[in-house]
Amino acid sequence: MGLFGSAPRYREFYALFERAGHNVERATGLLAELMDAWPDEGNRLRHEIKLLEEEGDTITHGVIRHLNLKAAVPFASPDAHKLISDLDDVVDFAEEVADFMGLYRVEAPTDHAVQLAHTVHASGIEIAGALSLLGDLSRASPHIAALDRLEHEGDDLERRALTSLFDGGIDPMVVIRWKDIYERLEEGIDAAAHVGRTLGGILTRRP
């Protein structure tokens, strides 16, 4: 028996969040792939990330419907709302970065953008790992700790990325475009860290 129990009445609830975790992992993985392959595979990957963003919306609606039906849940409904909202934010930021790459007609990604995108993906992997253990959340502590560590790494990467923009004598329009992209990448990492903090809060309030 896990931390919150694995009784059949929670099966659908756990399945929705595990599905959300896999969706985050896939979307962030495609974002990292997009940065690595840009511009060659850009249009295809942007489309695939958009589809995953729509899939995330579908999962979110499924969780909200489950809660509105007053179905059995293993922890407080406000925590479940917060958790699915945080997960949706990660995918939304990944989709927004992919969209910006096309809208801004980026010719080639910077090394900092590649590193940030891979940090987003690393966060997505940790999220999927944590949510696969939602029924026994105490086992997810290493994933939660990793999300906090990755947030600090993302903050440091963003600072270095922005410094490189303003120190490099780059065209102001290019600076504005990359600043937007860097900030969305960092916000994606922050959103992933919020998932970790929400899970940590649920863990500390366990019955």
Side-chain angles (χ1 to χ4, degrees), residues 12 15-67 80-132 134 143 147 150-151 154 157-158 161 173-174 176-196 198:
E12 181 183 353
L16 282 166
F17 277 101
E18 186 165 2
R19 183 177 156 198
H22 287 312
N23 197 60
V24 169
E25 183 177 8
R26 289 171 62 204
T28 57
L30 287 177
L31 179 63
E33 186 181 341
L34 179 145
M35 284 295 179
D36 288 337
W38 189 269
D40 297 341
E41 298 292 326
N43 287 334
R44 176 182 66 82
L45 291 168
R46 287 172 67 204
H47 176 68
E48 290 186 22
I49 293 170
K50 178 60 178 175
L51 292 177
L52 293 177
E53 188 268 336
E54 293 170 358
E55 169 70 2
D57 288 344
T58 299
I59 299 167
T60 297
H61 294 151
V63 170
I64 293 171
R65 184 167 57 250
H66 186 92
L67 296 172
H81 274 287
K82 180 68 166 61
L83 182 57
I84 197 62
S85 177
D86 292 339
L87 291 164
D88 195 48
D89 286 345
V90 180
V91 179
D92 284 348
F93 282 122
E95 193 273 331
E96 195 168 346
V97 170
D99 196 39
F100 276 19
M101 293 290 287
L103 289 175
Y104 287 160
R105 294 183 172 85
V106 172
E107 294 183 2
T110 65
D111 290 341
H112 289 113
V114 171
Q115 291 172 351
L116 281 162
H118 279 272
T119 304
V120 176
H121 182 213
S123 298
I125 292 170
E126 298 297 342
I127 285 171
L131 292 178
S132 72
L134 195 57
H143 297 293
L147 288 166
L150 288 164
E151 181 185 29
L157 280 169
E158 187 200 21
M173 291 305 298
V174 174
I176 291 169
R177 292 168 184 169
W178 276 113
K179 183 175 181 291
D180 280 349
I181 293 170
Y182 290 154
E183 287 177 347
R184 295 314 186 280
L185 285 162
E186 198 271 337
E187 285 171 332
I189 298 166
D190 282 351
H194 293 161
V195 172
T198 300

Original post:
Counting only heavy atoms not in Lys179, do more than 12 sit closer than 6.0 Å to its NZ atom?
Top reply: no
**OP:** Sequence neighbours left out, what passes salt bridge (charged side-chain N to carboxylate O under 4.0 Å, His left out) with Arg26? Give chain and number order.
**Re:** none
Original post:
Donor-acceptor pair, His61 side chain versus Asp57 backbone, under 3.5 Å?
Top reply: yes
Subject >> Chi angles and distances behind the side chain to side chain contact (heavy atoms under 4.5 Å, CB included) call for His81, Ile64 >> reply: CA-CA 7 Å; His81 274 287; Ile64 293 171; 4.0 Å; yes
**OP:** Locate the shortest heavy-atom distance separating Leu67 from Ala80; write the atom from each residue and the value.
**Re:** CD1-CB, 3.9 Å
Original post:
Could you give the distance from CD1 (Ile84) to OG1 (Thr198), rounded to the nearest 0.5 Å?
Top reply: 11.0 Å
Let me check something: any side-chain donor-acceptor pairs from residues 111-121 under 3.5 Å, sequence neighbours excluded? List them with distances.
{"residue": "His118", "atom": "NE2", "partner": "Asp36", "partner atom": "OD1", "Å": "3.1"}
{"residue": "His118", "atom": "NE2", "partner": "Asp36", "partner atom": "OD2", "Å": "2.9"}
{"residue": "Thr119", "atom": "OG1", "partner": "Gln115", "partner atom": "O", "Å": "2.9"}

**OP:** Decide yes or no for Ile181 and Met35: does some side-chain heavy atom of the first lie under 4.5 Å from some side-chain heavy atom of the second?
**Re:** yes
Original post:
OG1/Thr60 to CD/Glu55 distance, rounded to the nearest 0.5 angstrom?
Top reply: 9.5 Å
Pairs of donor and acceptor atoms involving the side chains of residues 87-104, under 3.5 Å and at least two apart or interchain, shall be tabulated with distances.
{"residue": "Glu96", "atom": "OE2", "partner": "Arg184", "partner atom": "NE", "Å": "2.8"}
{"residue": "Asp99", "atom": "OD1", "partner": "Arg46", "partner atom": "NH2", "Å": "3.2"}
{"residue": "Tyr104", "atom": "OH", "partner": "Asp180", "partner atom": "OD2", "Å": "2.5"}

Original post:
How long is the span from the CD1 atom in Ile127 to the CZ atom in Phe17, to the nearest 0.5 Å?
Top reply: 12.0 Å
Subject >> Point-to-point distance, once rounded to the nearest 0.5 Å, from CD1 of Ile189 to CG of Leu157 >> reply: 6.5 Å
Subject >> Minimum heavy-atom distance Glu186-Gly154, with the two atoms named >> reply: CG-O, 4.0 Å
Original post:
Is a side-chain N or O of Thr28 found less than 3.5 angstrom from the main chain of Val24, in a donor-acceptor match?
Top reply: yes
Subject >> Closest approach of His194 to Asp86 (non-hydrogen atoms, all atoms of both residues) >> reply: O-OD2, 3.4 Å
**OP:** Just jot down the salt bridge (charged side-chain N to carboxylate O under 4.0 Å, His left out) partners of Arg44, sequence neighbours excluded, or say none.
**Re:** Glu33, Glu41, Glu48
Original post:
Hey, are the side chains of Lys50 and Glu53 touching, using non-hydrogen atoms and a 4.5 Å cut-off?
Top reply: yes
**OP:** With sequence neighbours left out, write down each residue that passes side-chain hydrogen bond (donor to acceptor under 3.5 Å, both in side chains) with Glu151, or none if nothing qualifies.
**Re:** Arg197
Original post:
Could you give the distance from CG (Leu52) to CG (Leu30), rounded to the nearest 0.5 Å?
Top reply: 6.0 Å
Original post:
To the nearest 0.5 Å, how far apart are CG in Leu34 and CG in Asn43?
Top reply: 9.5 Å
**OP:** Only counting residues at least two apart or in another chain, list the ones meeting side-chain hydrogen bond (donor to acceptor under 3.5 Å, both in side chains) with Thr110.
**Re:** Tyr182
